[in-house]
Amino acid sequence: MLTLKCPYCGVHADETELHPGSEAHLKRYGPGSSDDEFEGYLFMRENPKGVHFERWRHVYGCGKWFLAARDTNTLEVFGTYSAQTTEPPQEIKEAITAKRPGWSWREFQ
Amino acid sequence: MKRYSVFAVAREALRYHSGWERAWASPEPKKKYDVIIIGAGGHGLATAYYLGKNFGITNVAIIEKGWLGGGNTGRNTTIIRSNYLQDPSAAIYEKARSLYETMSQDLNYNVMYSPRGVMMLAQTQHEIRGYQRTAHANALQGVKTEFIGPERVKELVPIINISGPRYPVLGALWQDRAGTARHDAVAWGYARACSDMGMDVIQKCEVTAIRREGGKVVGVTTTRGDIDCNKLGVVVAGHTGVVADMAGFRLPIESVALQALVSEPIKPCMDVVVMANTVHGYMSQSDKGEMVIGGGADGYNNYTQRGSFHHIEETVRALVETFPMISRLKMLRQWGGIVDMTGDRSPIISKTPVENVFINCGWGTGGFKAIPGSGWAMAELIAKGEPGPLAEEFSMWRFREGKFIDESVAAGVAH
Amino acid sequence: MSEAVSVMNGAERGTSIRVRDAGLQGMITLRGDLSAAKLKSAVKAATGHAVPKAREIAFADGKGVAWMSPDELLLLVPYGEADAAVASLEAALAGTHSLAVNVSDARAFFAVEGASARDVIAKIAPVDMHPDSFGPGELRRTRMAQAAAAFWMSDAETIHVICFRSVGQYMFDLLATSAETGAVEAF
Amino acid sequence: MSTRLSSGGRLVNKDKPVEFQFNGKRLKGYEGDTLASALLANDQMLVGRSFKYHRPRGIVASGAEEPNALVNLGQGGKFEPNQRVTTTELFDGLYATSQNHWPTLEFDIGAINTYLARFLPAGFYYKMFMFPRPFWKHVYEPFIRQSAGLGKAPKDRDADTYEHFYAFYDVVVIGGGIAGLTAALEAGKSGARVLVMEQTAAWGGRAVVDGVEIDGQAAEEWVAASVEALQAMENVEIRTRLMGAGVYDHGYLLAYERLRDHLPEEKGPRHRLWRIRTKQIVTATGAIERPISFAGNDLPGVMLASAVRDYVVNWGVSIGDRTVVVTNNDDAYRTAIVLKEAGLDVPAIIDARQGGAGALMDEARGLGIRVETGKAIAKVKGKGRVTGVAICAQAGQGGVLDEIACDCVAMSGGWSPVVHLWSHCGGKLKWDDAQAMFRPDPAKAPKGASGEAFVITAGIANGHLRSADALVDAFEAGRSAAKAAGGKVKAGKAPVAADADEATLEAIWLMPQGASIKLRMKAWLDFQNDVKVSDVQLAAREGFESVEHAKRYTTLGMATDQGKLSNINGLAILSDALDQPIPQTGTTTFRPPYTPISMGAIAGEARDELFQPIRRTPMYQWHEANGADFEPVGHWRRPYAFVRSGESVHDAVNREVMNTREKLGLLDASTLGKLIVKGPDAGKFLDMMYTNMMSTLPVGKCRYGLMCNENGFLSDDGVVARINEDTWLCHTTTGGADRIHAWMEDWLQCEWWDWKVYVANVTEQYAQVAVVGPNARKVLEKIGGMDVSKEAIPFMQWADGELGGIKARVYRISFSGELSYEIAVPASQGRAFWDMLLEAGEEFGVMPYGTECLHIMRAEKGFIMIGDETDGTVIPQDLNLNWAISKKKEDYLGKRAQERSHMADPNRWKLVGLETLDGSVLPDGAYAVAPGLNSNGQRNTIGRVTSTYHSPTLNKGIAMGLVHNGPDRMGDVIEFRKVDGTTVKARIVDQVFYDKDGEKQNV
């Protein structure tokens, strides 16, 4: 039973007020992309046992999507941040490094 | 191997059961095997068993990081059914179901397959149409099912509330040869049979790396040393992502927690398995008398085997509405398992980008019922290097082609 | 002209804790840049209140404004004035990217009154209702049992609840049931 | 015999006698009794039968760990099976019956199993019952099922109600013993918000029974003072009958409050489930005494030593006149002393340790009690209840040295800390060899959202069995928790307790050490499930070496007590059999809840009307009052048809179709989704959302649009209206409103966040009525208020205005093929508008119609329906909707997916109309068959029915379906297979069956 802080309205929301939205920082591939690119975008999923970045929507609250950095093995939350970004902010990366030195996830580390 | 029978039990009783031998051996790993299977759950053990039985390949090791049958095989709600809509699903699940019918005799181990019947309730017009379609499809697939009316539902399940104010029972898809089995026994029975064929079931041995040379697998590194192999089968359910990572390829898989619970045992009150998909709950009564209840899966990646309590709440709420008498039963125990979900919620039984590495995963919430069929298909894939008819539609490349096997068409969930 | 009717048509239940249909309330969803001067003055003009800070609400005498999300406010005006208020807002905000829409009829509006009003909410919403954590002036959007809702307190014993109109009956029954089973006395 | 003593019983109020029934016998107890103490006071030693062998069973314990004494409690709507008598508070009129026997408790046919026990060892069923195959289902299993199970299944609807409560704390202390109270006091003093809970009705736990002295006070007084102090703290909430049930991630704690179990006649919820979020949890849950395995240890009269003591001290009940105490530790001596002081006989203390006990041994001897050290029980004598014990040397094989007559055996195998709540969320344990127990490993505590530990364990639960240590530990735990939760901790001093000096325990699990197989087969580990020492040893021999294997193979610890008494003992026996230390064998995982909690409490208030929200339109009450046969559509309930008296549903549907086609029909279309999309980039955005072009739609016009998901599959459809230059109104399906709104927000927030678009869901702002049929215009003209002529509002256009004094937006769109207006009015006036239409429509033959009529009319027109023609695997191209897919656009959601090989395959099944040759209705969901079988032996198919109806308009069956190469095979006849195995022939035809040229809707 997670609680995540919505970075938009500041509420420490109970999991039941949220809606999970799978992997964060996906780059959309549309017409003209290769089969590999499209398959990667739509289906291939990071599934690490450890540091993971994912999307959540504060669906019963302010309605905003936000992103979370979380450990899938301990459920520790390193931080939540705005969905309007293509990569995790520096302070989130640092917070993870402080707890999980040497982490990496996709192209981020 | 000493055969099990009532006579053997009687004979042993006279000498206070001192003569029973080990059900399976616990050998040290050899240097090399023809085939290594990672994962001694039901699917892994069944794969090994059919490699031996159908293809005579017995120089096989089944490597397990914990104890055999300790993953989802021992954590599910033991439902076995094959009333699937799509042809490839119906084929493999019906194969599995038919193998369950004779499994106790085949393995000389009573897995207590009990074809008590599985019923999927139709509680909306949409569900009626969905299940009628499934019944039509099943008739052509050789799966015996029928769409039954509410009176027959009530006759089969007297404790059900068919005229609930919210979702009256409008009918049900009924498969009378579906049922349940004793989950642990399936793993134990296969392990005993594999061991008897000379295969090595190696427990407490974790694979830490997959060794490759020139795009081909040559062996694995484990906590008990390097073990070589010609072919490698990866059958590790929720941990598929982690193992695929070792082999250097990605999969369309996410691992999430799925929960279940049981009530305290009561005297028999429900013989059949009832699934109510509109309200998200399903329930059966075990031979011990516990009401066995399946809950929902979380929507986020999770390796903890602990799910979120609100799914339990949602399921219990639904079942109290469907079976008002359970309100005064008590929840005895709840637990979680890690299930691997693919993009279309159907499994993958496939070759991989690494030569001679084969993968069997993505069973999501439907793994237990598939065990023998899955093992049968996976054994054929490993033995021949190419999928047979049961496996061929379950390729890991189907997503890029847009060729899905989507069962949510008929029902929102696949248990 | 036909009378407009609120979802529970003025129904009321309970004694020591009272749950009642609070009647028709004009409500306007306003989306836009909440920091823009133009928007601020338009809101002030429409409601008499300044744009509140995150999670806050100002409400008095049927007029008010609530912070709903970083780009959304809920403006409260008398029911009959909502259309006119939308028109004025649109006029005032012409040329800026914004959206003002009358949602008065899309909502149900309830009041929970009594010394244990907090308990009524704490039984159905995953929100800390302790006075140290939540009090008048704050608005919380959340879930009440199985329906989305928002609520705020106008004083220590009065809680206002809004939800979608279609679940108005459910919400009324839910609040009333929660009220009728009595106080938990944990605050 | 067991009986009520003339004195003692700190919890019972002898001024308040209470009457109750057990198996039809009328018995008396007192207020403050548990059902267990009251039964024992009435010499009811035999209370139930075991699970497997149906052995006679008595009460073993005095608390939540009781494995045997479960009863059917209550009657009718208040009946509950498997109620533990030790945790059931007695109340006047309590009605209980014993379980798992036939015909009676005293004479149970099932007890024959006990004579067959030798043939029914652990796992016997895996080895037999395999032949003949059908016998498992028809013979063996029904027999096993009948003899298994415990209590009866409830029959009636639950007469009670339940509720939830969300609570938030800084520190929650679980356990109301002296450790819990100490921790709570410390946390409370820090100013933190604290909840302290006790599962029973009384504070103080064991210390008050054992007469511990704290800070110079008797424990009882100290407890009373502490409770008072806590009650006085405003920041502390203090509750009895509230049990910590489960610890979950991120500080989520489930607690179970039994409000009315002891007051069943009072109004109010029976249970309340607390859903707590807390920063810190202190588990001060104490310990549970372990039994010892010796032959006959399951006979009624053999009880935990601490329980024997509890019954005397708390309830003034003696279990027997002559009690033999058997132990491997000092604590059991306290029982002997208490008994002796109560004037009861203790013929002997059998201490398995060579050296015996410490100071307590001297005290016992001082009271004249015979103490035998290095001795063991070879066997308990008696049939149905204890009559004596045979004594042997612990070191030997069971050669009897002496026999002692007694009617009670009080056993103690040491104590196991209650680590369940610590373990639920990942807290690890470590083995304490000196005390022979698993205790929490503070280095591996459960971690919360921050990655920091959020559970601290305190006192006995932390392995500090002696009160003095426990209090120091709890004091520190309370302070640590408060600090971690942000409280301010001031200097202070832990309470001081005085303990007798104790000798160390000796880890003895089996008596005697070399017990023969015959004795081991009678030495119980799990009383309820009938697991004996020999069973665990058999499991080990057969290779079930993992503790999980052994547990599952033997069913040890799987009973309703979840192994509270048996787990550690079983583990020890297994380790011994495997010849390895206990920690190497491991421990099993503890799963919530700590003790079983009612399903009713979990469901909470969500029953009947509150089971799920019903979404109602403004016209719902009218529908309800006018024969609506409702159909759930999501949480909405829509009328399927309005059935008049004397009609079947089918008749009603036909009438509605004919009336609408010929005269005038009204449909409550309020549930259709309505989304406002506005902004400078709204057009561009909608071009991405829809397959067709919405940016070019002129203001004032409507356009039908399709939406696909990124996988290319059709997900929703509806009519889009351009409201003004930068505003569109998008209609979605009933089920689509929230989903599509969320979908739009997802793209706007997470992908195109620089696009200037706002979306608002205004679905419920409007009541929407479809006014349909040849008389549609007439009725609107009669109501008046705006020009609804063909010229003013041509087909596929909309206009704002007023109808009958109500503000209205009128869309000229048609899903039926008839002249049709969809009119949106403010929801608060929806009912008034509906009534107005009915009244004005009277002369035009108005009738409301339901969803089935809607479906038939759209099928007659060949319109697709999301959910019928689509099922999540269908792309618009399959439905011949290419006309609604823009060729000009470079991109829209789903476009790339539709380029994949399987999607672009010309062999996909495509939509056609179908007409049976005999005019019958094709079965819903039927497949069209082709010759031959596929490689899996399944019949080849070439198509399927997606919608099928009897058309009242055409008076024949009509259908749509997806057929391989369908559109190229017009006129061909294909065969559909029915479930009975016969087939029905149907011709492939155009999917538009009615008014192909649209002459009716365009008038």
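Residue numbers start from 1 in every chain, and the chains themselves are labelled A, B, ... in the order their sequence lines are given, proteins ahead of strands.
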If you count heavy-atom pairs within less than 4.5 Å of chain D, which of [options] leads?
options	result
B:Phe309, B:Phe399, B:Trp335	B:Phe309
B:Glu94, B:Gln141, B:Arg317, B:Gln334	B:Gln334
B:Ala10, B:Gly69, B:Pro88, B:Pro115	B:Pro115
B:Arg3, B:Gln203, B:Glu101	B:Glu101
B:Met270, B:Arg398, B:Met112, B:Arg400	B:Met112
B:Met291, B:Gln132, B:Glu321, B:Lys95	B:Glu321

Measuring heavy-atom distances to chain D, does [X] have an atom under 4.5 Å in its side chain, in its backbone, in both, or in neither?
X	value
B:Ile92	neither
B:Ala8	neither
B:Glu401	both
B:Thr102	both
B:Ser104	both
B:Val320	side chain
B:His310	neither
B:Ser308	neither
B:Ile293	side chain
B:Asn108	both

Discussion item. If you count every heavy atom of other residues, nucleotides or ligands that lies below 6.0 Å from D:Lys152 atom NZ, does the total exceed 12?
Written reply: no
Could you tell me which portion of [X] (side chain, backbone, both or neither) has an atom closer than 4.5 angstrom to a non-hydrogen atom of chain B?
X	value
D:Asn100	both
D:Ser901	both
D:Asp160	both
D:Val929	side chain

Item to complete: Take D:Phe713 and D:Asp871, measure what side-chain contact (heavy atoms from CB on, under 4.5 Å) needs, and give me the verdict at the end.
Response: CA-CA 9 Å; D:Phe713 299 123; D:Asp871 63 1; over 6 Å; no
Worksheet entry | Residues in salt bridge (charged side-chain N to carboxylate O under 4.0 Å, His left out) contact with B:Arg15, at least two apart in sequence or another chain | B:Glu12
Worksheet item: Is the centre of the D:Tyr126 ring less than 6.0 Å from the centre of the B:Trp188 ring?
Response: yes
Item to complete: Can you tell me which residue pairs pass the salt bridge (Lys or Arg N to Asp or Glu O under 4.0 Å) test with a partner in residues 103-116 of chain B, sequence neighbours excluded?
Response: B:Arg116-B:Asp287, B:Arg116-D:Glu141
Fill in: Whether B:Tyr109 and B:Tyr4 hold their rings parallel, tilted or perpendicular, with breakpoints at 30° and 60°
tilted
Worksheet item: Any idea how D:Tyr252 and D:Tyr248 line up, ring-wise: parallel (<30°), tilted (30 to 60°), or perpendicular (>60°)?
Response: perpendicular
[X]-[Y] side chain donor-acceptor pair, cut-off 3.5 Å:
X	Y	result
B:Arg166	B:Gln123	no
B:Gln285	B:Asp271	no
B:Arg182	D:Tyr125	no

Worksheet item: Would B:Trp67 and D:Phe544 satisfy ring pair (Phe, Tyr, Trp, His ring centres under 6.0 Å), going step by step from the backbone distance to the final call?
Response: CA-CA 10 Å; B:Trp67 37 283; D:Phe544 295 88; over 10 Å; no
Worksheet entry | Ion pair check, B:Lys403 and B:Glu393, cut-off under 4.0 Å | yes
